[in-house]
Amino acid sequence: ISTTFGFTMAVFLAIPSTDIYVQVAIPVPMRQLFTYKVPAELNTKTITLGERVIVPFGSRQVIAIVLSIDESTEYAPEKIKSVLSRVSDSFNFSPTLLNFIQRCSDYYHHPIGDVFQQALPVLLRQIKQPDVELPQIWLTKSDLSNEEQATTAKRSPKQAELLTMLKQHHGMTWSELLTLGFNKAQLNALEKKQFIYSKTRTVSQFKWQDQALQQENKLALSPEQAIIVATVKEMQSQFSCHLVDGITGSGKTEVYLQAIEQILAKSQQVLVLVPEIGLTPQTLSRFEQRFNVPISLHHSGLNDKERLQTWLEAQRGTAAIVIGTRSAIFTPLHDLGLIIVDEEHDASFKQQDSFRYHARDIAILRARQLDIPIILGTATPSFESLQNALTGKYHYHQLRKRAGNASTAKITLIDVAQQQMEHGLSGTLKQAIKNTLARGEQALIFLNRRGYAPAINCQECHWVADCQRCNKPYTLHQGQRLLICHHCGSQKRIPPQCPSCGSVRIKPIGQGTEQLEEKISSLFPDYSTVRIDRDSTRKKGALAKLLTEVSNKEHQLLIGTQMLAKGHHFPDVTLVAVLDVDGALFSYDFRAAEHMAQLLVQVSGRAGRASKPGRVMVQSNFPEHPLLQDLVNNGYQHFAKQALIERQQALLPPFSFQALFRADANYPSYPEKFLRAMTEMPFEGCQFAGPVPAAMEKKAGKFRFHLILQAKSRKQLHQAVFKLIHQSTNNEWQSKVRWSIDIDPVDLSW
Ligand code: ADP
Ligand code: ZN
Ligand code: ZN
């Protein structure tokens, strides 16, 4: 029978049909679609939009995405190449996701092929198709006795913690455990003791409404919190954007959790975007403790296979919650019911190269497209979001009190001009640190400059070791015995003598975290000092280890960069010191003050989170500066409203809309001329500023120029950009430069 059946099928399939044509997006930086023929034998199962196909492109074969299907073509059919094969798997783009990506490409004026490229997990961009297995999950043995657990707790607290975590849950993946700061050794040890076992996560789609949504640790909401949760619930099946403006510790996360619960109860999925989840295992652990549902993760600490699994679980509807960093916004969640953007002001949501999207902004686009609510949470709203909240475009919710009985940290300014300084510390600050340590509490000292010193120079002829490719000083990294350029990454040995005059008196100038650590240890030899920055946490698992040591109070003095400003809970830190804020007060970048204020408030949020009151001390040469005074005396919100008035008077964003054109080349005249040619034609409602050399005029050997286009309305901006792109093909300098467009630029320094 089977032979006959096979035969019949073959006859049926062999019925000749005509060729069709598809237009596809190809991962190249070109702004067009490409047409290919789909031979009849490849179209036996009808080709669909969003499908991935393999096509010849130049001498290569590439994965392309089908964006339109046509019966005929304007090109001569014999000149059109054929699709080589169809990638027959189930990971194709859904119509809504296709539409979303198309809109992102339009909004940012970025080539569609490249947008798709960035939206797809690495393994799905390759011709060789990956083997995808369902993830393994870890569970505790049901017969695990309390005595056994207690013995483990005594011998290895971390293993016991892992055991408790797993016990609460019916299964966690390695990605989750890794992100929570556990390691393979702990897992293996427990498996060896036969306390835990692993199995394949069986596919149960959208089943979490039946699973116990764990309620034991659910808190009774304050009236302010309750209103937010109720408002979001009321607007569950329509687009609405909610700005939750609440100081650190005011209970924003609790609001997220209870809003999420409502969505999970309807068996829908939730997407949570966070700046850097690897930095804040506590956030994830709160989600894990609250919900006994499959959580999938997407961040840079996971490998390609793990990220592909997240993508697939989201698409199949087996992941209830996806938590991830910036690019998780492209996760193909099957039935998304709510998006949360935590720390919405954070700069890491903006991608700073190639496809320069802002994940918060396109998250709003996605929520609008799907008619679902989105919550933006922060203690320091970006001026853009605040303005939208003040004008009523977003629902504005404020949480002004810390939850529980924690008090808010008080900020004091220290005038460094009036004080004797030692290693960058004023006498007042040194005394405050001493008192804090004497009380058995911890102090956090914040300096946003990695390395040992930001430059080295010759004491005799004043020669400075500059990176030739960037015309900027090398940073000294004493531990690695290297000079490293923080702009282009190039490295160099420390010269034994001055290359200019031969003197051996080469000395570091200024101070970075590495040096501060050394100096602080010598000032407070009886206490343990730890440094947390990108250099000290480069190794996998290093950060989790340091954070655990800090919470175990193995260290009393914490030194760090802005890495430490984010989301950590350090209940015993009662003093936060900020050594240097002056740079931001006198910057050419109109956003510098906004970013400085956000950073100050965020670091202050690290102090006194538990029942102990916290203090923040900020050193400055300009303590009378009105911006600092306003921030310290009246708080971020007042500061932000004042600054918004200034922005309005100066017609700066969010009261106008900008696009930044960047161009670079080996000679400075090329990018300048290229950009100047762009300014020749006026556009209605628009103004050009520039071209001017970029703040980093030279980087990695290239000369860089900026041109800003500013418009009164978004529409005018987009029309002008559209025309400028169109005209650029006739720009005689275009082949000599590399150029890009940045819509809504946030960092003008590169
Ligand atoms: P945020 O996310 O704004 O920093 P969290 O949600 O983490 O604030 O809350 C800070 C602390 O206050 C946490 O320890 C949390 O458990 C507690 N908390 C939050 N909401 C409440 C509440 N309604 N009642 C009691 N404690 C709360
Ligand atoms: Zn010299
Ligand atoms: Zn350099």
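Ligands are counted one by one from 1 in listed order, and the atoms in each one are counted from 1 as well. The model shown is predicted, which means the values in this text are computed figures rather than measured ones.
Checked against Lys350 for a side-chain hydrogen bond (donor to acceptor under 3.5 Å, both in side chains), the options Asp747, Asp742, Asp361 give a single hit: Asp742.
Considering backbone and side-chain N/O of Lys252, one or more are found under 3.5 Å from N/O of ligand 1. Polar contact check, Gly249 against ligand 1: a nitrogen or oxygen pair lies under 3.5 Å apart.
Cation-pi check for Lys158 over Phe182 is met; the charged atom lies under 6.0 angstrom from the ring centroid and within 45 degrees of its normal.
Residue contacts with ligand 1 for Ala379 are absent, since no atom lies close enough (heavy atoms, distance under 4.0 Å). At a 4.0 Å heavy-atom cut-off, ligand 1 touches Ile247 through the backbone alone.
Nearest-residue assignment for atom 21 (C) of ligand 1 (options Val244, Leu219, Thr378; heavy-atom criterion): Leu219. Residue Arg286 holds the heavy atom nearest to atom 7 (O) of ligand 1 of all those in Lys218, Arg286, Glu343.
Considering only residues two or more places apart in sequence or on other chains, Val601 meets the side-chain contact (heavy atoms from CB on, under 4.5 Å) condition with Thr380, Leu631, Tyr636. For Ile227, the side-chain contact (heavy atoms from CB on, under 4.5 Å) criterion is met by Thr231, not counting sequence neighbours.
At a cut-off of 3.5 Å, with distance as the only test, no side-chain donor of Thr378 or Glu344 sits close to an acceptor on the other residue. Defined by atom type and a distance below 3.5 Å, a donor-acceptor pair is present between the side-chain atoms of Glu549 and His555. Gln262 and Gln258 share no donor-acceptor pair across their side chains, judged by distance under 3.5 Å alone. In the model, Gln598 has no side-chain atom that pairs as donor or acceptor with a side-chain atom of Gln602 under 3.5 Å. No side-chain N or O of Thr475 forms a donor-acceptor pair with one of Arg449 less than 3.5 Å apart.
Within a 6.0 Å radius of NZ in Lys507, other residues, nucleotides and ligands contribute more than 12 heavy atoms.
Every atom of ligand 1 with a heavy atom of Gly251 under 4.0 Å away is listed here by number and element: 1 (P), 3 (O), 5 (P), 6 (O), 8 (O), 9 (O), 19 (C). Of all atoms in ligand 1, listed by their number and element, those nearer than 4.0 Å to a heavy atom of Gln225 are 19 (C), 20 (N), 22 (C), 23 (N). Below 4.0 Å from some heavy atom of Ser222 lie the following atoms of ligand 1, by number and element: 23 (N).
For Ala220, the closest heavy-atom approach to ligand 1 falls below 4.0 Å.
Ordered by chain and number, Cys467 SG, Cys470 SG, Cys485 SG, Cys488 SG make up the set of protein N, O or S atoms under 2.8 Å of the Zn ion (ligand 3). The set of protein atoms (N, O or S) found at less than 2.8 Å from the Zn ion (ligand 2) reads Cys458 SG, Cys461 SG, Cys498 SG, Cys501 SG, by chain and number.
In this structure, Arg450 pairs ionically with Asp535, as a charged nitrogen and a carboxylate oxygen lie closer than 4.0 Å. Ionic pairing of Asp245 and Arg400 is present here: one or more N-O contacts between side-chain nitrogen and carboxylate oxygen are shorter than 4.0 angstrom. Salt bridge absent: Arg356 and Asp353 never bring a charged side-chain N and a carboxylate O closer than 4.0 Å.
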Checklist entry - Does the pair Thr325 and His299 meet the rule for a side-chain hydrogen bond (donor to acceptor under 3.5 Å, both in side chains), with working shown? => result CA-CA 5 Å; Thr325 45; His299 60 83; over 6 Å; no
